[in-house]
2 protein chains.
Amino acid sequence: MTARPEPTLAQRKRQLVADELTRAALDLLARKGFDAVTVDDIVGAAGVSKRTFFRYFASKEDVVVQFLGEMGTGMRAALAERPAQEPPSVALRHTVWSAVDACAGHGEQTLRVIRLILGTPALLARFLERQAQWRDALAEELTRRLGLGPAGLYPQLAAGAALTAFDTVLQRWSAGEGDQDPAALTDEAFAVLAPALDSVV
Amino acid sequence: MTARPEPTLAQRKRQLVADELTRAALDLLARKGFDAVTVDDIVGAAGVSKRTFFRYFASKEDVVVQFLGEMGTGMRAALAERPAQEPPSVALRHTVWSAVDACAGHGEQTLRVIRLILGTPALLARFLERQAQWRDALAEELTRRLGLGPAGLYPQLAAGAALTAFDTVLQRWSAGEGDQDPAALTDEAFAVLAPALDSVV
DNA sequence: CGCATGCTTGACACCAAGTGTCATTAGGGG
DNA sequence: CCCCTAATGACACTTGGTGTCAAGCATGCG
């Protein structure tokens, strides 16, 4: 039962450093902007060396993007859990909603990070790059779900459309002042896309 | 009539330098890979100083991505030229096709650049970032075309879906050995997406 | 207890991307 | 012929990111 109640202390310490680094970075970056904060600033605030920072994060962008890191695997898992006979549009709507909800549910902090990403070209680029991987994962899962061959374009297109919906909802939601209901936005987006998503060849 | 037959020599010289820089960069990058080539290598091959390089391109990625630079404005122009009563799916199919054709028609060089971009994370990131701008432009044009208000999500979703189609076609086409017909791929992609694109609210 | 082992860290040197500054040069127009 | 502008190269500098190595510290074992 005790699958992993005790991550060996060493791992817990490691997690502690990572958390502190993330906290210090997001705080500084959200307040001063991405370019106005150097890695030295971050490690100064966190109390570690620059070298240690790059042992935990591959790049300065990575601190921010990794904060949204589990969302990719989360979405694939969410899609895998939907009943097999469910129409793609419904399954994907729940998939996207799981991610949107993870963003919208975590309070002010996540909103600030989203705004930071969408407003910083370098961060947006990394975010989209990561999304391209999510797209491949979702497409793979869709192919498996529907028992399709590798020939058709449908899985890639459907996964891409779902992520476009995700981006659009995120953009609208983060642009407003909490006046936009993310659930309603997600439903609206999938109402538009559903005719294509359910037109499985 | 002579709108601009003589770009003042100075501008012609400037263009010459830019072309030589682009040529040297693409040649080296395509052969050795993005990370294995430094800016000093490029400027050495082109016979200019490093400082001059950054007067022409904002970053190392920019040399590659700017090579596909006109495609963004080209797509918007292509969309604007389509007849107003044409269904969105048809207009957007022609829009995407104009870009795909620009890639597929320019011979081996463009194919190598596409493969370089899709195979290099840093370049893919910049490419997707630029596409996000194209998406906004296309969405704006769609809003104008259809006389929609700023409330709905349709324009962003439709533009995003079209660009997903573009990416998917590009990916398939560049992965094959010329055995894939880009026109057929484009048609197939839009056959899937059309039901959503034409479901204007 | 003492020691070996492995993991994490910090210090330091180093490379590459990108920017600010300034002196030089070449064209172009009066 | 001279001045004005634009382009360039040289150089120093900041910042992101990596390689290397020695020191610190917990753990395990004799």
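Throughout, a chain's letter reflects where its sequence line sits, starting with A, and its residues are numbered from 1.
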Q. What ring pair (Phe, Tyr, Trp, His ring centres under 6.0 Å) pairs are there with at least one residue in residues 86-121 of chain B, not counting sequence neighbours?
A. none
Q) Would you say the side-chain atoms of A:Ser59 pair up with the backbone N or O of A:Asp62, donor to acceptor, closer than 3.5 Å? A) yes
Q.
Reading DNA chain C in the 5' to 3' direction, which nucleotide is the first one with an atom under 4.0 Å from a heavy atom of chain A, and which is the last?
A. C:dT8 to C:dA11
Output a table of donor-acceptor pairs, distance under 3.5 Å, between side-chain atoms of residues 176-187 of chain B and any protein atom two or more places apart or on a different chain; print 'none' if there are none.
from	atom 1	to	atom 2	distance (Å)
B:Asp179	OD1	B:Glu177	N	2.9
B:Asp181	OD1	B:Ala183	N	3.3
B:Thr186	OG1	B:Pro182	O	2.8

Q.
Donor-acceptor check, side chain of A:Arg145 to backbone of A:Pro88, threshold 3.5 angstrom: yes or no?
A. no
Q) Heavy atom of residues 51-69 of chain B under 4.0 Å from DNA chain D: which residues? A) B:Arg51, B:Thr52, B:Arg55, B:Tyr56
Q) Looking for any heavy atom pair under 4.0 Å, which part of the strands does A:Lys50 touch: base, sugar-phosphate only, or nothing? A) base
(Q) Counting only heavy atoms and a strict 4.0 angstrom limit, can you tell me which residues of residues 32-41 of chain B come near DNA chain C? (A) B:Val37, B:Thr38, B:Val39
Q: Using a 4.5 Å cut-off on heavy atoms from C-beta on, say whether the side chain of B:Met71 contacts that of B:Cys103.
A: yes
Q | Selection residues 45-57 of chain A - residue pairs positive for salt bridge (charged side-chain N to carboxylate O under 4.0 Å, His left out), sequence neighbours left out | A | none
Q. Got a donor-acceptor contact below 3.5 angstrom from the B:Asp198 side chain to the B:Ser89 backbone?
A. yes
Q | Pair B:Asp167, B:Gln131: side-chain N/O donor-acceptor within cut-off below 3.5 Å | A | yes
Q. Is B:Arg31 paired with B:Asp27 through a side-chain N to carboxylate O contact shorter than 4.0 Å?
A. yes
Q: Compute whether any side-chain donor of one residue and acceptor of the other, for A:Ser98 and A:Thr95, lie under 3.5 angstrom apart.
A: no
